[in-house]
Amino acid sequence: MGAGDQWTVVTALADTSRRTLYDYVRRQGDPVSREEAAAACHMSRSLAAFHLDKLVAAGLLRARYQAPPGQPRGRGRSPKVYQAADNGLAITIPERRYELIAEILADAVVDDPANADDAARRHAEQRGRLLGSQLRGTALLDVLTGLGFEPESGTATVLRNCPFHALATRQTALVCGLNHAFLTGLIDGLNVTQVHARLAPRTGACCVELDDRSICPSHG
């Protein structure tokens, strides 16, 4: 794939709606219609069709006209369906949430400029707790996925993406501390009592991982 093709792919996936549609179609085992994709991704059929066709133009999806399974082909054109292109391409654009860190730091400086680090951690935990309380009843893994952490469950839940990557690279201790405080507050706000967020820096992943206290009681 040439540099121009790579740029086309990155541009196509930079749009949030388009990326959501691409991820949905890629996960399905069968071709997906415009109506199905629109319903699954909570957008209008016309908007879904627009973005799906952009993904086809970028070479990420393939499209064809196909009658629904079990239904004979009638008059007129069959519905257009989409599936992931079989081109060996696996590309992701890690989600970033730098505005969240910026808001936390700004609030901390206004709140307590002489002790901004401590104030930032308090604000990070408060933001996480508030968000968790608003989303209470939603599964923790779904919330983490929606925030861009890309959780992977096991004995501990590893967060494969850091939404604050560039800032964490430059100011590791500060940003990782804020991330830990935010996730601690988020878990508390969701009222998930058996999960504990702990700092566990590793290459290529978030600095925080989540332990299930019922499995790993030693991490208190």
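Values in this document were obtained by computation on a predicted structure and should not be read as measured data.
When hydrophobic clusters are built by joining Ile, Leu, Val, Met, Phe, Trp and Tyr residues whose side-chain heavy atoms come closer than 4.5 Å, directly or via intermediates, V192 is not grouped with V158. In the hydrophobic cluster analysis, where Ile, Leu, Val, Met, Phe, Trp and Tyr join through side-chain heavy atoms closer than 4.5 angstrom, L100 is grouped together with L174. Both L159 and L199 belong to a common hydrophobic cluster when Ile, Leu, Val, Met, Phe, Trp and Tyr are linked at side-chain heavy-atom distances under 4.5 angstrom. No continuous path of ILVMFWY side-chain contacts below 4.5 Å connects L47 to V81, so the two sit in separate hydrophobic clusters. Note on L147 and L130: separate hydrophobic clusters, where clusters join Ile, Leu, Val, Met, Phe, Trp and Tyr whose side-chain heavy atoms are under 4.5 Å apart, directly or indirectly.
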| task | Take L141 and T157 through the side-chain contact (heavy atoms from CB on, under 4.5 Å) test and state the conclusion after the steps. | result | CA-CA 9 Å; L141 291 183; T157 298; 3.9 Å; yes
| request: Using the side-chain contact (heavy atoms from CB on, under 4.5 Å) rule, take L183 and N179 through it: C-alpha gap first, then chi angles, then the decisive distance, then the call. | output: CA-CA 6 Å; L183 288 171; N179 189 21; 3.6 Å; yes
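Of the possible polar contacts, one joining the R136 side chain to the G189 backbone as a donor-acceptor pair under 3.5 Å is found.
Note that CG of L55 is 11.5 Å distant from CZ of R26, once rounded to the nearest 0.5 Å. Note that CD of E103 and NE2 of H123 are 12.0 Å apart. Values are rounded to the nearest 0.5 Å. Taken from CZ in R127 to CG in D107, the straight-line distance is 7.0 Å, to the nearest 0.5 Å. Here the OG atom belonging to S33 is positioned 8.5 Å from the CZ atom belonging to R45, to the nearest 0.5 angstrom. Atoms OG and CD, on S44 and E35 in that order, are 11.5 Å from each other to the nearest 0.5 Å. Taken from CG in D117 to CG in D112, the straight-line distance is 10.5 Å, to the nearest 0.5 Å.
Between L52 and L61, the closest side-chain pair of non-hydrogen atoms falls below 4.5 Å. Inter-residue side-chain proximity for F50 and R34 is flagged as unmet; no heavy-atom pair is nearer than 4.5 Å. Contact annotation: the side chain of Y22 never approaches that of H51 to less than 4.5 Å [non-hydrogen atoms, C-beta and beyond]. Contact annotation: the side chain of V208 never approaches that of C176 to less than 4.5 Å [non-hydrogen atoms, C-beta and beyond]. Annotation: side chain of L140 is in contact with side chain of L210 (closest heavy-atom distance under 4.5 Å). The closest side-chain heavy-atom distance from L186 to L190 is below 4.5 Å.
Across C41 and Y24, no two heavy atoms sit closer than the pair SG-CB, 3.9 Å. Counting all heavy atoms, side chain and backbone alike, V25 lies closest to A84 at CG1-N, 3.9 Å. Looking at every heavy atom in both residues, C206 comes nearest to N161 through CB-O, 3.8 Å. Closest non-hydrogen pair, A85 versus R62, comes out as CA-CG, 3.9 Å. The two residues L178 and R121 come nearest to each other via the heavy atoms CD2-N, 3.5 Å. Scanning all heavy atoms of the two residues, the minimum distance from P113 to D111 falls at CD-C, 3.9 Å.
Aromatic ring pairs are classed by plane angle as parallel below 30°, tilted from 30° to 60° and perpendicular above 60°; the pair F149 and F182 is parallel.
Looking at E125 and R129, a side-chain N of the basic residue comes within less than 4.0 Å of a carboxylate O on the acidic one, giving a salt bridge.
Within a 6.0 Å sphere centred on CD of Q171, other residues, nucleotides and ligands contribute 12 heavy atoms or fewer.
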